[in-house]
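Below is one structure, written out as structure tokens, with a few remarks after it.
One-based numbering, in listed order, for ligands and for the atoms of each. Note that the structure is predicted; figures quoted are calculated from it, not measured. Numbering of residues begins at 1 and proceeds along the displayed sequence.
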Amino acid sequence: MNAPILYIVIPCYNEEKVLPVTHALFAGKLSALIQNGEISEKSRVLFVDDGSKDNTWAVISDLRAKNPQFEGLKLSRNQGHQNALLAGLMTAKNYADITVSIDCDGQDDVDAMDKMLEEYKDGAEIVYGVRAARDTDTVFKRTTAKWYYKILNLLGAEVVYNHADYRLMSRRALEALSQFHEVNLFLRGLIPLVGFKSSSVYYDRKERLAGESHYPLSKMLSLGFNGITSLSVRPLKLITSLGFLMSLVSLIAVIVTVIIKLFGYTVQGWTSLLCVIFLLGGIQIFCLGVIGEYIGKMYAETKARPRYIIEKNTLENTNENEKK
Ligand code: UDP
Ligand code: MG
């Protein structure tokens, strides 16, 4: 087997201070891997400038001029990390056999790529980089992240615990990913849906080498909320259950109020008023739930996710069954 072409895909937003420090990390890794014969000489580092407002693109162009192993992709405006990453991956898949996506700030250990490549050679089409420890994160970020993963799993979304967007993907996995057309992207929830053989590689996450995080609490919350709502319609189903429960409770409450009335402990109008409130409350929530079920179905339909992805097909190997 020929050495595969690897593209390291790196989204960058306002990283003029960071790239001059970290580009050497990526170039060094790429050269080392090429020298060991692990990857082809045609491998590249692809920076995606996510509509930066500073000199990031100038820095990338400069790097490109000095070293042809660097390539750049510039988005017309800031589209956010997930979209920038997708743009890079979808472009890279036309040139590469495998891609590794990684942040540009040097937080993710580039040496984990060695193990990722090993896993790829063992047949994995997707290799997740998983943080072994979160020592460099604040206690707040660590705890919220832990609970977030728990809630996501409870809601039925498959996410790899402590994995962000540092991962290897084969061209085949990328082709499959390209069949997902949704606009609200939460890649780490979407990619497990692609399937194929996958595995994980563990590494320690470091501090940012320069510059500042672009994920303040507000952006983190919005990414988190996006993750839940784009992966699960279970919250809508919960409304149906709640409505059903409320209807049941109100039925009992109606019976109780009628009994209280029969014993004569009430003022005029109390029973009828309460019965109406209870019954309507239950019915309303239940109806909302039913509407929610349909909205959930429509949501799934509008996303038009692929209904299946074929991994192997013996028809393609036999000449007798040649395509007409
Ligand atoms: N990023 C991007 N577009 C944005 C925000 C961030 O491409 O709108 C990139 C950023 O340059 C970095 C990566 O996404 O390479 C992760 O961002 P950051 O390191 O700020 O997030 P953190 O590691 O703090 O969660
Ligand atoms: Mg970072």
| request: Could you go through the side-chain hydrogen bond (donor to acceptor under 3.5 Å, both in side chains) check for Y161 and K146 one step at a time? | output: CA-CA 8 Å; Y161 184 64; K146 192 167 132 195; 5.8 Å; no
| said: Other residues, nucleotides and ligands only: do more than 12 of their heavy atoms fall within 6.0 Å of CD on E41? | reply: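 No, CD of E41 has 12 or fewer neighbouring heavy atoms, counting only those of other groups under 6.0 Å.
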| Residues, nucleotides or ligands: over 12 heavy atoms within 6.0 Å of K74 NZ |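 Yes, because the 6.0 Å sphere around NZ of K74 holds more than 12 heavy atoms from other groups.
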What protein heavy atom lies closest to [atom]? Include the residue and the distance to one decimal.
{"atom": "atom 24 (O) of ligand 1", "value": "S213 OG, 2.6 Å"}
{"atom": "atom 16 (C) of ligand 1", "value": "D103 OD2, 3.3 Å"}
{"atom": "atom 5 (C) of ligand 1", "value": "H214 CB, 3.7 Å"}
{"atom": "atom 3 (N) of ligand 1", "value": "D50 OD2, 2.6 Å"}
{"atom": "atom 19 (O) of ligand 1", "value": "D105 OD2, 2.6 Å"}
{"atom": "atom 21 (O) of ligand 1", "value": "Y215 CD1, 3.2 Å"}
{"atom": "atom 18 (P) of ligand 1", "value": "R208 NH2, 3.5 Å"}
{"atom": "atom 1 (N) of ligand 1", "value": "Y13 CB, 3.7 Å"}

| task | Give the atom name of whichever N/O/S atom in D105 sits closest to the Mg ion (ligand 2). | result |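 The atom in question is OD2.
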Which of the numbered atoms in ligand 1 are under 4.0 angstrom from any heavy atom belonging to [X]?
{"X": "C12", "answer": "7 (O), 11 (O)"}
{"X": "E15", "answer": "10 (C), 11 (O), 12 (C), 15 (O)"}
{"X": "K219", "answer": "5 (C), 8 (O)"}
{"X": "P11", "answer": "7 (O), 9 (C), 10 (C), 11 (O), 12 (C), 15 (O)"}

| task | With K303 as the cation and Y299 as the aromatic partner, state whether NZ or CZ is under 6.0 Å from the six-membered ring centre and within 45° of the axis. | result |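 Verdict for Y299: a cation-pi partner in K303.
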Measuring from [X]:[atom1] to [Y]:[atom2], what's the distance to the nearest 0.5 Å?
{"X": "Y7", "Y": "E71", "atom1": "OH", "atom2": "CD", "answer": "5.5 Å"}
{"X": "L89", "Y": "R167", "atom1": "CG", "atom2": "CZ", "answer": "7.5 Å"}
{"X": "R172", "Y": "K93", "atom1": "CZ", "atom2": "NZ", "answer": "14.5 Å"}

| query | Are side-chain heavy atoms of S200 and H163 found at a separation under 4.5 Å? | reply |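 In short, these two side chains do not touch, never coming nearer than 4.5 Å.
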| query | Does the distance from a Lys or Arg side-chain N to an Asp or Glu carboxylate O, for E311 and K197, drop under 4.0 Å? | reply |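 No, this pair does not count.
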| task | Report yes or no: does a heavy atom of Q82 sit under 4.0 Å from some atom of ligand 1? | result |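 The answer is no: ligand 1 sits nowhere under 4.0 Å from a heavy atom of Q82.
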| said: Please classify the M220 to ligand 1 contact at 4.0 Å (heavy-atom distances, strictly less than): side chain, backbone, both or neither. | reply: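 Near ligand 1, M220 shows nothing, with every heavy atom at 4.0 Å or more.
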| query | For ligand 1, does N78 get within less than 4.0 Å through its side chain, its backbone, both, or neither, judged by non-hydrogen atoms? | reply |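 For N78, only side-chain atoms sit under 4.0 Å from ligand 1.
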| said: Against L117, only a single residue in N36, L33, D122 fulfils side chain to side chain contact (heavy atoms under 4.5 Å, CB included); can you say which? | reply: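 Only match with L117 under side chain to side chain contact (heavy atoms under 4.5 Å, CB included): L33.
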